[in-house]
Amino acid sequence: MWLRHPVTGALDLGTAMGCRVCARRGARNAVVATDLNSRALQLASVTCRLNDVAVDLRLGSLQEPVADERFDLIVTNPP
């Protein structure tokens with residue numbers, strides 16, 4: 001996935017590789033990732049630290065943890 005235009009904020013619903021890709025390839029400010037599974041957030045935290053990217057990881061169902069926020073880009077890879 002290559003972002004053609006830089007975005008101000010990006011959201012990864014159901015934390016996966018999307019949060020790392022957004023942080024590396026064009027999200028200028030906030031990259032937020034949500035997941036209902038705390039283990040998935042722990043693994044994402046380790047992956048982001050290993051790749052030296054900053055991501056705001058939040059526990060909750062889909063967009064519930066970011067209900068009042070707006071994003072230029074939303075990515076997901078549902079099961």
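For the single chain, residues carry numbers from 1 onward in sequence order.
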Write down the atom of [X], the atom of [Y], and the distance for their closest heavy-atom approach.
X	Y	value
G14	D35	C-OD2, 3.4 Å
P65	G60	CG-CA, 3.5 Å
V31	A54	CB-O, 4.2 Å
T15	A44	CG2-CB, 3.1 Å

Nearest 0.5 Å please: distance from the [atom1] atom of [X] over to the [atom2] atom of [Y].
X	Y	atom1	atom2	value
E64	T34	CD	OG1	9.5 Å
L73	L11	CG	CG	8.5 Å
I74	L62	CD1	CG	10.5 Å
R58	E69	CZ	CD	4.0 Å

Indicate if L59 and L57 have the same hydrophobic cluster label, given that clusters are the connected sets of ILVMFWY residues with side-chain heavy-atom separations under 4.5 angstrom. yes
When you measure from the side chain of T76 to the backbone N and O of L13, does any donor-acceptor pair fall under 3.5 Å?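 Pair found, side chain donor or acceptor close to backbone of L13.
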Decide if atom CG of D56 counts as having more than 12 heavy atoms of other residues, nucleotides or ligands within a radius under 6.0 Å. yes
Please evaluate residues L43 and L41 with respect to the criterion side chain to side chain contact (heavy atoms under 4.5 Å, CB included), reporting the C-alpha separation (whole Å), side-chain torsions for both, the decisive distance (0.1 Å), and the verdict. CA-CA 5 Å; L43 292 172; L41 292 174; over 6 Å; no
